[in-house]
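The figures that follow rest on heavy atoms only: side chains count, while hydrogens, waters and symmetry mates do not.
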Amino acid sequence: MNQFVHAIEWIFTAANWSRVQLGAGIGGQLGYHVELSAISLGIAAVVAVPLGMAVGHTRRGQFAAVSIANIGRAIPSFALLVLAFIVVSNLRPSLGFSMLSTIIALVVLAIPPILINTYVGVEGVDAGTVEAARGMGLGPRQILVDIEVPLAAPLIMAGLRTSAVAVVATATLAGFAGGGGLGVFLYLGFAQPGQEQILIGGAILVAVLALLTDVLFALLERAVTPRTRSNGKQRVVPAPLPVAASAAQT
């Protein structure tokens, strides 16, 4: 219990936010951790969301998408980090274990949940709604952008939420290989006997950051989830669009 108290004191000591043994302090490593995670998640979203939309809309390539996602899930996070380091080192020896190799590993980790959720969300849109929109003269692009994507938005956001939490947690591993981030404090705590407050403090910071990330994306997911008009509390996924009803009557 005392170690936990000392860890809390270590976190709230102002001097530790500017510099902590052998490197940047809590503030610098926290900023680097967030930057690393945000860049990785952004790249993964740019790759996986359009690909998932294309697969879900055309109903083609499902097997390839699922296979890619399963392969990405099957490889352990630390193995991904090592493999990315080897690839980057062979291509650009001067970079070695840098932000680039960490980002590559995190992007590969983040793509599967986003890809699968986007593909399933778009493909799962009610066929009658899509057919009615097509009957009203909407083209494939309009159907995708105006109907399928909005209805699939809650599921797409759920995939982003899962990936974001995984990326924040896994970015901690970079600290054990000199890559920076909050994992540096866990490394220092393990490497230096008698520095348990740094180890526990680092673990607390990672846990809090992951929880805050989950809460942020939960709020975003809630914001894009359709509400019923009766009381605004019950959420429905997905609701038929007015255009479907109008078309059905014609």
Side-chain angles (χ1 to χ4, degrees), residues 23-24 26-53 64-119 155-188 190 202-218 220-221:
I26 298 174
Q29 298 295 1
L30 175 61
Y32 182 84
H33 199 108
V34 172
E35 179 185 4
L36 193 64
S37 301
I39 293 174
S40 302
L41 184 65
I43 295 175
V46 168
V47 173
V49 171
L51 183 59
M53 288 180 182
V66 172
S67 298
I68 292 172
N70 287 338
I71 292 173
R73 287 173 173 172
I75 303 175
S77 302
F78 194 73
L80 276 176
L81 202 59
V82 173
L83 290 174
F85 166 70
I86 294 173
V87 171
V88 173
S89 297
N90 287 331
L91 294 177
R92 296 288 299 273
S94 60
L95 293 178
F97 195 95
S98 61
M99 176 183 275
L100 177 60
S101 55
T102 306
I103 287 176
I104 291 174
L106 294 179
V107 168
V108 173
L109 173 75
I111 283 178
I114 302 174
L115 175 61
I116 290 298
N117 276 42
T118 303
Y119 144 59
L155 207 52
I156 296 173
M157 191 55 66
L160 288 168
R161 177 183 177 184
T162 301
S163 292
V165 174
V167 164
V168 168
T170 306
T172 306
L173 295 176
F176 286 84
L182 295 176
V184 167
F185 303 127
L186 276 70
Y187 170 77
L188 289 174
F190 278 121
I204 292 173
L205 289 170
V206 173
V208 170
L209 182 60
L211 287 173
L212 290 176
T213 302
D214 187 56
V215 170
L216 173 63
F217 278 86
L220 293 174
E221 182 183 343

Can you give me the closest heavy-atom contact between Gly52 and Thr118, atom names plus distance?
C-CG2, 3.7 Å
Rounded to the nearest 0.5 Å, what separates atom CG in Leu220 from atom CZ in Arg161?
10.0 Å
Report yes if the side chains of Met157 and Leu160 come closer than 4.5 Å at any heavy-atom pair, otherwise no.
yes
Please report the interatomic distance CD(Glu221) to CG(Asp214), rounded to the nearest 0.5 Å.
9.0 Å
For the pair Tyr119 and Val66, evaluate side-chain contact (heavy atoms from CB on, under 4.5 Å) and give the outcome as yes or no after the intermediate values.
CA-CA 9 Å; Tyr119 144 59; Val66 172; 4.1 Å; yes
Which distance, rounded to the nearest 0.5 Å, do you find between the CG of Leu182 and the CG of Leu205?
5.5 Å
Please give me the minimum heavy-atom distance between Gln29 and Gly181, naming the atom from each residue.
OE1-N, 2.9 Å
Donor-acceptor contact present, side-chain Thr172 to main-chain Ala169, <3.5 Å
yes
Check Ala65 against Ile116 and note the closest heavy-atom contact, atom names and distance.
O-CD1, 4.3 Å
By the definition side-chain contact (heavy atoms from CB on, under 4.5 Å), identify the one residue from Ile111, Ile114, Leu115 that meets it with Ser163.
Ile114
Before giving the answer on side-chain contact (heavy atoms from CB on, under 4.5 Å), spell out for Phe185 and Val206 the whole-Å C-alpha distance, their side-chain angles and the decisive distance to 0.1 Å.
CA-CA 10 Å; Phe185 303 127; Val206 173; over 6 Å; no
Single hit among Leu106, Thr170, Ile104, Thr102 for side-chain contact (heavy atoms from CB on, under 4.5 Å) with Ser40
Leu106
Please find the pair of heavy atoms, one from Tyr187 and one from Gly175, that lie closest to each other, and give the distance.
CB-O, 3.9 Å
CG on Leu173 to CG on Leu109, rounded to 0.5 Å
9.5 Å
Nearest heavy-atom neighbours spanning His33 and Ala171:
NE2-CB, 3.6 Å
Over all heavy atoms of both residues, which pair between Thr213 and Ala164 is shortest? Give the atoms and the distance, please.
CG2-CB, 3.7 Å
